[in-house]
Amino acid sequence: MPSTSIGNNREVMSSQTSTDPLLILSSALQTAFEAVAGRTGVDPVIRSSDRADAQANGALGLAKELGQNPRQVAEAVLAECAGLAGICSSVEVAGPGFLNLVFSNDFLSRLLNEVASDPRVGIGTVPSKRVVIDYSAPNVAKEMHVGHLRTTVIGDSLVRMLSFVGHEVIRENHIGDWGTPFGMLIEHLLDLGETQAADHLSLGDLDGFYKQARTKFDADETFQDRARSRVVLLQSGDAETRRLWNLLVNLSTHHFNAVYKLLGVLLTDDDLMGESAYNDLLPQVVNRLDKLGLLQQSAGADVVFPPGYTNREGEPLPLIVQKGQGGFNYATSDLACVIDRVERLQADLLLYVVGSPQAQHLAMVFDVARMAGWLVEPNEAVHVAFGNVLGSDRKIMKSRSGDPLKFIDLIEEAVSRADAAIAAKNPDLSETERHEIARMVGIGSVKYADLSTDRVRDYVFDWERMLSFDGNTAPYLQYAHARICSIFRRADISRVSVRDVVPTLVEPQERELALALLAFNAAVVDTIDKYSPHRLCTYLYDLATTFTAFYEHCPVLKDGYESTRQSRLALCDLTARVLNQGLALLGIETPEQM
RNA sequence: GCCCACGUAGCUCAGUGGAUAGAGCGUCUGCCUCCGGAGCAGAAGGUCGUAGGUCCGAUUCCUACCGUGGGCGCCA
């Protein structure tokens, strides 16, 4: 099975000192399986299990290869299991040939202690790749709206995770700052007068400006002519036109930055790489395709026919790289991006966090780039596709006015709803504290709601559900974290003081919590492997519910035995750190009280 | 018409080539001298869209069909 280049790093991880018990077990058990099979490269097929800590399913597959009964194979593997001393306290054959495995408590305690002493709480690093990630991409002279939410939030989370495991990540915000609409926008700017237009725009009413220009364009033919000739001036580099264009771009990026800052994503002006940046490369794209013999004429346009695509009539579908009238389009620009990212930036991997409707377009662009030899293994491009945000009517979310919901309004509503909920539940907080916590909870809720469902699916935007303190939500996870902080506050014990404690695992809830904590690295690896942040969310939610069960059954401060208290405090501290780190990888902050 | 994605409990969603498919909400029943009840324990609720196929084993992989959404040459 082909795996994307970044994620498949389990082998690398296992060669380091891993703290993942399943990984250690797998590697130990592989030796036993290989002895029985008489060959190398046997996968023990380790899975977590509801009947033990883990189960090995490898015997069932191996039985066929050896022509033996699966149970016999499992028995034979069991006989070779001397290497599991120090890892498992129990190994038994069950059912048709499963091996049920129980970790020894000492083994788990030792691993927990190792993780607790690691500032990265068990997350390993991998050989570094240079990754360009294309996300957010709002349009100049248009307000950011709910349609930009997913690409911005998912992209930001992937950036954080990829960087954390050691990749060199280059963020690219491919803003829409070029093309025919700019003739119209610049002419409208001139009509209003620069000063007045700037006031208008700096008030944040970007959409109003755009709509006025559009209305005028649709109604007034002389304005259309002015707009068209202004585009020509812009593209030919006319200084005055460029100055006016710059004005529009600067006013817009000012707005973008305000949104990014409020939302807490990493994008800055340094990451801007708009369409205009590739303008000079566009003729070269066509020339290079021509020299390679890939270019064809079709209905007056210059096109490339990547195999495997057909149109409505069943005829080959072209990728148009130069229009009939000579202009370039977004395919040209996207090909220029590939060239720039591979040849100038020397990227190993190109990620495109772009909505699913663009799947065919991007597939064609990538195919043409491969045909042209610009995208060559092991370099690769991946479309990190995502579905729509839907309203309660299951249609694409709109505001009351019918326009897409503005990003700013969305964030403000989230924060004010969170503020009200916190005020009701914790009236003792000062107003300043409450506002700060509301910001973390409100924005965290929106981000988490977006990240916690499989990105390929559409999801229904629901304020009540995302801000609920129950279920798979940001507030639930943040609350679990805050409650742990509260334990340490109440006991007046420093978090750091318990980090060298080796926890003792006695109660089943302590073991469950230990197993959950030690699965953090695997969750992150899996998330990166599939570019699917919801996998990390699922893990964190499971950790939080496991912690809650522990908290319910295992009194931390009231136990009466100092050693138990120390051990449980160590488990608490580590849980809080994993929650904090995990949410941080999603771009979500964790307050110490709520 | 062709192509792509999706279809799992009443609702919103996880999950997997392996044993008995999970969670939250909602419904029902218990638990309170409880470190934050923003909780815990339990019950009910499913032919995993339908029909075939591969496999020792399929909800998972393959094919067809049905349903929903999207895409299908000069917008980006």
Side-chain angles (χ1 to χ4, degrees), chain A residues 45 47 49-51 55 57 60-61 63-64 69-70 94-98 100 137 139 174 176 178-181 275 298-303 305 308-331 333-334 355-361 363-364 385 387-388 390 394-396 421-422 424-426 449 452-454 456-460 462 464-466 468-473 475-476 478-480 482-491 534-535 537-538 541-542 545 548-549 551-559 565 568-569 572 593-594:
Chain A
V45 194
R47 298 283 184 271
S49 172
D50 52 355
R51 312 183 172 212
Q55 63 185 62
N57 304 337
L60 286 89
K64 189 166 179 73
N69 172 319
F98 302 108
N100 285 347
N139 289 312
H174 194 68
W178 205 246
T180 44
E275 290 165 1
S298 177
D302 287 331
V303 308
F305 286 100
Y309 301 91
T310 53
N311 67 13
R312 243 177 264 276
E313 284 72 42
E315 297 153 353
L317 183 68
L319 187 70
I320 295 172
V321 294
Q322 186 153 22
K323 298 191 274 190
Q325 283 92 12
F328 303 108
N329 63 4
Y330 73 132
S333 175
D334 283 340
S356 314
Q358 302 230 40
Q360 181 177 271
H361 165 70
M364 290 176 82
N388 292 311
L390 306 178
R394 301 217 55 123
K395 297 197 169 138
I396 293 183
I422 293 163
K425 286 170 173 168
N426 194 349
S452 60
T453 44
D454 189 348
V456 304
R457 294 173 50 135
D458 295 346
Y459 80 93
V460 177
D462 180 337
E464 283 200 23
R465 190 155 16 92
M466 74 177 71
S468 166
F469 289 77
D470 294 305
N472 190 8
T473 65
Y476 179 80
Q478 289 168 322
Y479 171 67
R483 188 150 65 164
I484 295 171
C485 294
S486 149
I487 295 171
F488 282 88
R489 267 199 307 274
R490 177 175 290 256
H534 85 279
R535 291 180 167 266
C537 295
T538 304
Y541 177 59
D542 178 64
T545 54
T548 311
Y551 179 82
E552 186 72 19
H553 291 101
C554 305
V556 176
L557 300 179
K558 296 195 164 181
D559 178 73
R565 179 182 151 108
R568 290 180 179 169
L569 281 169
C572 286
Q593 54 179 335
M594 286 174 70

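Letters A, B, ... are given to chains in the order of the sequence lines, protein chains preceding strands, and every chain is numbered from 1.
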Tell me whether the OP1 or OP2 atom of [N] has a side-chain N or O from [X] closer than 4.0 Å.
X        : N     : result
A:Lys64  : B:C56 : yes
A:Arg489 : B:C35 : no
A:Arg483 : B:G37 : yes
A:Ser486 : B:G36 : yes

Round to a whole Å and report the spacing from [atom1] of [X] to [atom2] of [N].
X        : N     : atom1 : atom2 : value
A:Met466 : B:C11 : CE    : C1'   : 16 Å
A:Arg535 : B:C13 : CZ    : C1'   : 14 Å
A:Leu60  : B:A58 : CG    : P     : 13 Å
A:Asp454 : B:C13 : CG    : C1'   : 10 Å
A:Leu390 : B:C6  : CG    : C1'   : 12 Å
A:Gln55  : B:G17 : CD    : C1'   : 12 Å

Counting any heavy atom closer than 4.0 Å, what does [X] reach on the DNA or RNA strands: base, sugar-phosphate only, or nothing?
X        : result
A:Cys572 : nothing
A:Tyr309 : nothing
A:Ala94  : base
A:Asp462 : nothing
A:Asn100 : base

Rounding to the closest angstrom, what is the interatomic distance between [N] and [M] at atom [atom1]?
N     : M     : atom1 : answer
B:U63 : B:C2  : P     : 15 Å
B:C4  : B:A21 : P     : 32 Å
B:U60 : B:U54 : P     : 14 Å
B:G10 : B:C6  : P     : 22 Å
B:U8  : B:A51 : P     : 16 Å
B:G52 : B:G15 : P     : 28 Å
B:U47 : B:U59 : C1'   : 11 Å
B:G57 : B:C40 : C1'   : 38 Å

Item checked: B/S/- contact track for nucleotides 60-68 of chain B, protein heavy atom under 4.0 Å -> ---------
Notebook entry, point to check: For RNA chain B, whose closest nucleotide is more 5', that of A:Cys554 or that of A:Pro475?
Noted result: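 Nearest-nucleotide comparison on RNA chain B picks A:Cys554.
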Notebook entry, point to check: Toward the 5' end of RNA chain B, which comes first, A:Ser452 or A:Arg490, by nearest nucleotide?
Noted result: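 Looking at RNA chain B, the more 5' nearest nucleotide goes with A:Ser452.
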Check the interface with nucleotides 69-76 of chain B: list each N/O to N/O pair with the protein under 3.5 Å, or write none.
| residue | atom | partner | partner atom | Å |
| --- | --- | --- | --- | --- |
| B:C72 | N3 | A:Arg312 | NH1 | 3.3 |
| B:C72 | N4 | A:Arg312 | NH1 | 3.1 |
| B:G73 | N1 | A:Ser298 | OG | 3.0 |
| B:G73 | N2 | A:Ser298 | OG | 2.1 |
| B:C74 | O2 | A:Gly324 | N | 2.7 |
| B:C74 | N4 | A:Ala299 | O | 2.3 |
| B:A76 | O3' | A:Glu275 | OE1 | 3.3 |
| B:A76 | O3' | A:Glu275 | OE2 | 2.4 |
| B:A76 | N6 | A:Tyr330 | OH | 2.3 |

Margin query: Are the side chains of A:Leu390 and A:Ile396 in contact, using a 4.5 Å heavy-atom criterion?
Written below: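 A:Ile396 vs A:Leu390: side chains touch.
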Notebook entry, point to check: In chain order, what residues pass the side chain to side chain donor-acceptor pair (under 3.5 Å) check against A:Tyr541, with sequence neighbours excluded?
Noted result: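 Checked A:Tyr541 against side chain to side chain donor-acceptor pair (under 3.5 Å); zero matches.
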Please give me the minimum heavy-atom distance between [X] and [Y], naming the atom from each residue.
X        : Y        : result
A:His174 : A:Ala137 : O-CB, 3.2 Å
A:Asn388 : A:Asp458 : N-OD1, 2.7 Å
A:Ala449 : A:Met466 : CB-CB, 3.7 Å
A:Leu60  : A:Gly97  : CD1-O, 3.6 Å
A:Ser333 : A:Glu275 : OG-CG, 4.3 Å
A:Thr473 : A:Arg465 : CG2-O, 3.2 Å

Next item on the list: Test side-chain contact (heavy atoms from CB on, under 4.5 Å) on A:Ser298 and A:Phe305 and set out the steps.
Entry: CA-CA 10 Å; A:Ser298 177; A:Phe305 286 100; 4.1 Å; yes
Next item on the list: May I ask you to check whether over 12 heavy atoms, not counting those of A:Glu313, lie within 6.0 Å of atom CD?
Entry: yes
By nearest atom, which of the nucleotides [options] is closest to the [X] side chain?
X        : options             : answer
A:Arg457 : B:C35, B:C6, B:A38  : B:C6
A:Arg394 : B:G36, B:A14, B:C13 : B:C13
A:His553 : B:A41, B:A38, B:G17 : B:A41

Check: Hey, is the main chain of A:His534 close enough, under 3.5 Å, to the side chain of A:Thr538 for a donor-acceptor pair?
Finding: yes
Check: Is a donor on one side and an acceptor on the other found under 3.5 Å between the side chain of A:Arg457 and the backbone of A:Gly387?
Finding: no
Next item on the list: Let me see the working for A:Gln55 and A:Asn100 under side-chain contact (heavy atoms from CB on, under 4.5 Å), right down to the final yes or no.
Entry: CA-CA 5 Å; A:Gln55 63 185 62; A:Asn100 285 347; 3.8 Å; yes
Which side-chain N or O atoms in residues 322-329 of chain A pair as donor and acceptor under 3.5 Å with protein atoms at least two apart or in another chain?
| residue | atom | partner | partner atom | Å |
| --- | --- | --- | --- | --- |
| A:Gln322 | NE2 | A:Gly326 | O | 2.7 |
| A:Asn329 | OD1 | A:Ala331 | N | 3.2 |
| A:Asn329 | OD1 | A:Thr332 | N | 3.3 |
| A:Asn329 | OD1 | A:Thr332 | OG1 | 2.9 |
| A:Asn329 | ND2 | A:Ile320 | O | 3.0 |

Next item on the list: Test side-chain contact (heavy atoms from CB on, under 4.5 Å) on A:Met594 and A:Asn426 and set out the steps.
Entry: CA-CA 7 Å; A:Met594 286 174 70; A:Asn426 194 349; 5.7 Å; no
Find every protein N or O atom lying less than 3.5 Å from an N or O atom of nucleotides 21-32 of chain B, and list the pairs.
| residue | atom | partner | partner atom | Å |
| --- | --- | --- | --- | --- |
| B:A23 | O2' | A:Tyr541 | OH | 3.1 |

Item checked: Bracket string, RNA chain B, 5' to 3' - pairs by Watson-Crick or G-U geometry under 3.5 Å, | interstrand -> (((((((..((((....[...)))).(((((.......))))).....(((((..]....))))))))))))....
Next item on the list: Decide, applying a 5.5 Å centre-distance limit and a 30° plane-angle limit (both strict), whether A:Tyr476 stacks on B:A38.
Entry: no
Margin query: Checking A:Gln358 against A:Tyr330 for the side-chain contact (heavy atoms from CB on, under 4.5 Å) test, could you report, in this order, the C-alpha distance in whole Å, the side-chain angles of both residues, the deciding distance, and whether it holds?
Written below: CA-CA 12 Å; A:Gln358 302 230 40; A:Tyr330 73 132; 4.1 Å; yes
Margin query: When you compare the side chains of A:Thr548 and A:Tyr476, does any donor N or O come within less than 3.5 Å of an acceptor on the partner?
Written below: yes
